[in-house]
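Both counts, for ligands and for their atoms, begin at 1 and track the order of listing.
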Amino acid sequence: MGDMKKTSSLADLGVDADIGKSIFKKIYYHAVMDTPTKSYTKITIVDVGNVGMAIAQTILTQDIVEELALIGTNFDKFQGEMLDLQHATAFLPRVQIQADTDYAITAQSNLCIIAAGSQQNPRETRLDLLQHNLNIFRSIVPKLVEKSSGCLLLVVTNPVDVLTYITWKLSGFPPNRVIGSGTNLDSSRFRFLLADYLDVNAQDIQAYMVGEHGDSLVAL
Ligand SMILES: NC(=O)C1=CN([C@@H]2O[C@H](COP(=O)(O)OP(=O)(O)OC[C@H]3O[C@@H](n4cnc5c(N)ncnc54)[C@H](O)[C@@H]3O)[C@@H](O)[C@H]2O)C=CC1
Ligand SMILES: CC(=O)C(=O)O
């Protein structure tokens, strides 16, 4: 977006706030979208780093949610990311997008995705991230559970398999409500490489990487 100023309100567009209120009436999402044929789905993503934003953009293009809550720790970054997503909604299925540091916005989520925490430095393994990211999870998981006690928890942060187990323990949820992204990315990479080598579509390749999402994977 370069140096372009971002517009976040009617006042920025030169429209008086009171006039705006009289012209535009707030639509209550639950009232409009809770129909017998379409349930209301809310997803939370913690935090809006590279992975969190890639997930947010993918979700928005899939028409699978009515509400997306983004938890951010860096105010300028999450405000900017939220505005970029909101400003794209004219081209996307209708979704209410919020971002905040306050976990109140995550209340009643169906799915909470955790992608917060450090990434590896060049000479580190994913397992080296454990202590740092464990401390972050201790602060995140109880807040998500408090606000959305019936949700599914999906862990992406590394070391993902260890942190998925820790999330299960921290949450007190039954095991079928805590999942990790596991080796999905590795299997997708494997399928791409095979497809590239064989010059076929990756969707026509069935192949899996199994084991831990780390340095001990096995190809099937
Ligand atoms: N499972 C998988 O297949 C993959 C996992 N990853 C992992 O995902 C994680 C995130 O990666 P990136 O998005 O690339 O990193 P990033 O550095 O772009 O984003 C991490 C985010 O976590 C936030 N954060 C730091 N401390 C926090 C706290 N206490 N509470 C909430 N948020 C906090 C940062 O502000 C930042 O926005 C890393 O652990 C990385 O290794 C990345 C790619 C694939
Ligand atoms: C970061 C990571 O886990 C990956 O790209 O496989």
Side-chain angles (χ1 to χ4, degrees), residues 1 43-60 68-85 97-107 109 111-148 151-168 170-171 178-194 196 202 207-220:
M1 293 288 167
I43 296 182
T44 285
I45 303 173
V46 194
D47 180 291
V48 292
N50 294 316
V51 173
M53 281 305 293
I55 294 170
Q57 287 161 4
T58 307
I59 286 171
L60 287 179
L68 189 60
L70 306 173
I71 288 293
T73 37
N74 175 337
F75 182 83
D76 287 342
K77 179 166 167 55
F78 78 69
Q79 282 289 307
E81 300 290 17
M82 178 187 71
L83 289 172
D84 280 346
L85 294 176
I97 305 165
Q98 302 180 76
D100 211 319
T101 50
D102 186 344
Y103 280 69
I105 64 162
T106 71
S109 292
L111 170 67
C112 296
I113 303 172
I114 313 177
S118 298
Q119 31 177 325
Q120 294 155 257
N121 289 320
R123 269 180 288 279
E124 278 182 326
T125 70
R126 293 176 183 82
L127 289 170
D128 291 329
L129 303 173
L130 179 57
Q131 194 55 54
H132 180 76
N133 289 344
L134 166 62
N135 291 336
I136 291 175
F137 270 51
R138 283 200 177 110
S139 73
I140 293 173
V141 176
K143 290 186 225 161
L144 291 176
V145 169
E146 185 199 334
K147 299 293 177 197
S148 304
C151 74
L152 266 177
L153 291 167
L154 170 60
V155 179
V156 184
T157 305
N158 277 316
V160 65
D161 300 297
V162 184
L163 285 174
T164 303
Y165 178 82
I166 285 168
T167 300
W168 171 50
L170 288 172
S171 67
V178 184
I179 51 181
S181 58
T183 55
N184 270 293
L185 178 58
D186 313 282
S187 297
S188 176
R189 284 175 175 149
F190 188 32
R191 289 170 66 187
F192 160 74
L193 290 170
L194 290 171
D196 196 41
Y208 297 92
M209 299 297 292
V210 297
E212 190 222 352
H213 174 64
D215 297 339
S216 58
L217 287 161
V218 177
L220 293 185

**Student:** Identify the two heavy atoms, one from Leu194 and one from Ala207, that lie closest to each other, and give their separation to 0.1 Å.
**Tutor:**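 Closest pair (atom of Leu194, atom of Ala207, distance): CD1-CB, 3.8 Å.
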**Student:** Closest non-hydrogen protein atom to atom 30 (N) of ligand 1, residue and atom name please, with distance?
**Tutor:** Thr73 CG2, 3.7 Å
**Student:** Could you tell me if any non-hydrogen atom of Gln119 lies under 4.0 Å from any atom of ligand 2?
**Tutor:**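 Distance cut 4.0 Å: Gln119 fails for ligand 2.
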**Student:** Just go through Gly49, Ser188, Gly180, Ala115 and tell me whose heavy atom is the nearest to atom 10 (C) of ligand 1.
**Tutor:**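 Considering heavy atoms of Gly49, Ser188, Gly180, Ala115, the nearest to atom 10 (C) of ligand 1 sits in Ala115.
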**Student:** For Ala54, does its backbone N or O pair with a side-chain atom of Thr58 as donor and acceptor, under 3.5 Å?
**Tutor:** yes
**Student:** Is there a polar contact between ligand 1 and Lys77, counting only N or O atoms under 3.5 Å apart?
**Tutor:**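 The answer is no, given that Lys77 and ligand 1 share no N or O pair closer than 3.5 Å.
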**Student:** Which residue owns the protein heavy atom closest to atom 6 (N) of ligand 1, what's the atom, and how far is it?
**Tutor:** Asn158 ND2, 3.5 Å
**Student:** Taking atom types as modelled and ignoring hydrogens, do the side chains of Thr44 and Ser109 form a donor-acceptor contact shorter than 3.5 angstrom?
**Tutor:**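 Per modelled atom types, Thr44 and Ser109 side chains form a pair under 3.5 Å.
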**Student:** Is His213 in polar range of ligand 2, meaning some N or O pair under 3.5 Å apart?
**Tutor:** yes
**Student:** What protein heavy atom lies closest to atom 1 (C) of ligand 2? Include the residue and the distance to one decimal.
**Tutor:** Asn158 ND2, 3.7 Å
**Student:** Just by distance, do the side chain of Asp47 and the backbone of Thr73 share a donor-acceptor pair under 3.5 Å?
**Tutor:**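 Looks like yes, one N/O pair under 3.5 Å.
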**Student:** Tell me which part of Asn50 gets within contact of ligand 1: side chain, backbone, both or neither, using heavy atoms under 4.0 Å.
**Tutor:**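 For Asn50, backbone and side-chain atoms both sit under 4.0 Å from ligand 1.
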**Student:** Go through ligand 2 atom by atom and flag the ones less than 4.0 Å from a non-hydrogen atom of Arg126.
**Tutor:** 2 (C), 3 (O), 4 (C), 6 (O)
**Student:** Which residue and atom name correspond to the protein heavy atom nearest atom 2 (C) of ligand 1, and how close is it?
**Tutor:** His213 NE2, 3.5 Å
**Student:** Heavy atoms only: which of Gly214, Ser139, Gly182, Gly117 is nearest to atom 22 (O) of ligand 1?
**Tutor:** Gly117
**Student:** Indicate, as side chain, backbone, both or neither, the part of Asn133 found under 4.0 angstrom from ligand 1 when only non-hydrogen atoms are considered.
**Tutor:**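 Near ligand 1, Asn133 shows its side chain, while the N, CA, C and O stay back.
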**Student:** With a 4.0 Å heavy-atom cut-off (strictly under), which part of Ala116 contacts ligand 1: side chain, backbone, both or neither?
**Tutor:**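 The part of Ala116 near ligand 1 is both the backbone and the side chain.
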**Student:** With heavy atoms under 4.0 Å as the rule, classify the contact between Asp47 and ligand 1 as side chain, backbone, both or neither.
**Tutor:**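 For Asp47, only side-chain atoms sit under 4.0 Å from ligand 1.
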**Student:** Quick one: closest heavy-atom pair of Val141 and Leu170, and the distance?
**Tutor:**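 Smallest interatomic distance, heavy atoms only, reads CG1-CB, 3.8 Å.
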**Student:** To check your reading of the model: name the closest protein heavy atom to atom 28 (C) of ligand 1, its residue, and the distance in Å.
**Tutor:**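 The closest heavy atom on the protein side is Ile136 CG2, 3.5 Å.
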**Student:** Leu185 heavy atoms, cut-off 4.0 Å: which ligand 2 atoms fall inside?
**Tutor:**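 In order of number, 4 (C), 5 (O), 6 (O).
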**Student:** Polar-atom distance check: Thr157 versus ligand 1, any N or O pair below 3.5 Å?
**Tutor:**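 In fact, backbone or side chain, Thr157 has no N or O that close.
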**Student:** Which residue supplies the protein heavy atom nearest to atom 39 (O) of ligand 1, what is that atom called, and how far is it?
**Tutor:**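 Atom 39 (O) of ligand 1 sits closest to the protein heavy atom Ser118 O, 2.7 Å.
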**Student:** Return a yes/no value for Gln120: is any of its N or O atoms, backbone included, closer than 3.5 angstrom to an N or O of ligand 2?
**Tutor:** no
**Student:** Please write down residue, atom name and distance for the protein heavy atom closest to atom 42 (C) of ligand 1.
**Tutor:** Val51 CG2, 3.5 Å
**Student:** Can you sort out which atoms of ligand 1 are near Gln119, meaning under 4.0 Å from one of its heavy atoms?
**Tutor:** 14 (O), 15 (O), 16 (P), 17 (O), 18 (O), 38 (C), 41 (O)
**Student:** Identify the heavy atoms of Leu220 and Phe190 that sit nearest to each other, and give their distance.
**Tutor:**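 Closest heavy-atom pair between Leu220 and Phe190: O-CE2, 3.6 Å.
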**Student:** Applying a 4.0 Å heavy-atom criterion (strictly less than), which segment of Val156 is in contact with ligand 1: side chain, backbone, both, or neither?
**Tutor:**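 For Val156, backbone and side-chain atoms both sit under 4.0 Å from ligand 1.
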**Student:** May I ask you to list the atoms of ligand 1 that are less than 4.0 angstrom from any heavy atom of Leu185?
**Tutor:**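 Counting from 1, the qualifying ligand atoms are 3 (O), 44 (C).
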**Student:** When you measure from atom 5 (O) of ligand 2 to every protein heavy atom, which one gives the shortest distance, and what is it?
**Tutor:**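 In this structure, atom 5 (O) of ligand 2 has Arg189 NH2, 2.7 Å as its nearest protein heavy atom.
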**Student:** Could you tell me whether a side-chain N or O of Ser118 sits under 3.5 Å from a main-chain N or O of Leu129, the two making a donor and an acceptor?
**Tutor:**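 The answer is no, because no donor-acceptor pair under 3.5 Å joins these two groups.
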**Student:** Is there a heavy atom of Gln120 sitting under 4.0 angstrom from any atom of ligand 1?
**Tutor:**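 No, Gln120 has no heavy atoms under 4.0 Å from ligand 1.
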